[in-house]
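Scroll down for the structure; my scribbles are underneath it.
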Amino acid sequence: MAVNYECRHCRMPLGRFENEQVPEYRLGLQFLTPEERKRIIAYDSNGDVTVKVICEYCSQTLETHPELVLLSNPLQ
């Protein structure tokens with residue numbers, strides 16, 4: 001099992017942890033509410049976990065152009 005981080009907007013891979021490297025509790029995922037977990041974390045059929053975060057480029061773009069958040073896929 002691996003934990004993959006990717007940008008929720010541009011889908012750029014941002015990092016990967018193998019299960020042996022970092023236990024899930026060290027990633028802080030237990031602090032998410034059930035609604036946040038549904039929105040942010042996806043589980044693959046092979047046991048991998050994908051955590052959707054925002055990369056620096058997308059974050060800066062949305063900060064500069066906040067009206068883009070009104071679009072369903074603002075940066076694709």
Can you tell me how far apart OG1 (Thr33) and CZ (Arg39) are? Round to the nearest 0.5 Å.
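Thr33 OG1 to Arg39 CZ: 7.0 Å, rounded to 0.5 Å.
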Inter-residue atom distance Lys52.NZ - Asn4.CG, 0.5 Å rounding:
11.5 Å
Taking only residues two or more places apart in sequence or in another chain, which ones pass side chain to side chain contact (heavy atoms under 4.5 Å, CB included) with Asp44?
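Listed in chain order: Asn46, Asp48, Thr50.
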Measuring only between side-chain heavy atoms, which start at C-beta, is [X] closer than 4.5 Å to [Y]?
X     : Y     : answer
Glu6  : Met12 : no
Tyr5  : Leu27 : yes
Leu62 : His9  : yes

Kindly work out whether a path of hydrophobic side-chain contacts (I/L/V/M/F/W/Y, heavy atoms less than 4.5 Å apart) joins [X] to [Y].
X     : Y     : value
Tyr57 : Ile54 : no
Ile40 : Tyr43 : yes
Ile41 : Phe17 : yes

Tell me whether Glu56 at atom CD has more than 12 heavy atoms from other residues, nucleotides or ligands lying less than 6.0 Å away.
no
Identify the heavy atoms of Cys7 and Cys55 that sit nearest to each other, and give their distance.
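Nearest heavy atoms, Cys7 then Cys55: SG-N, 3.4 Å.
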Under a 3.5 Å distance rule, please check whether Arg37 uses its side chain to pair with a backbone N or O of Leu29 as donor and acceptor.
yes
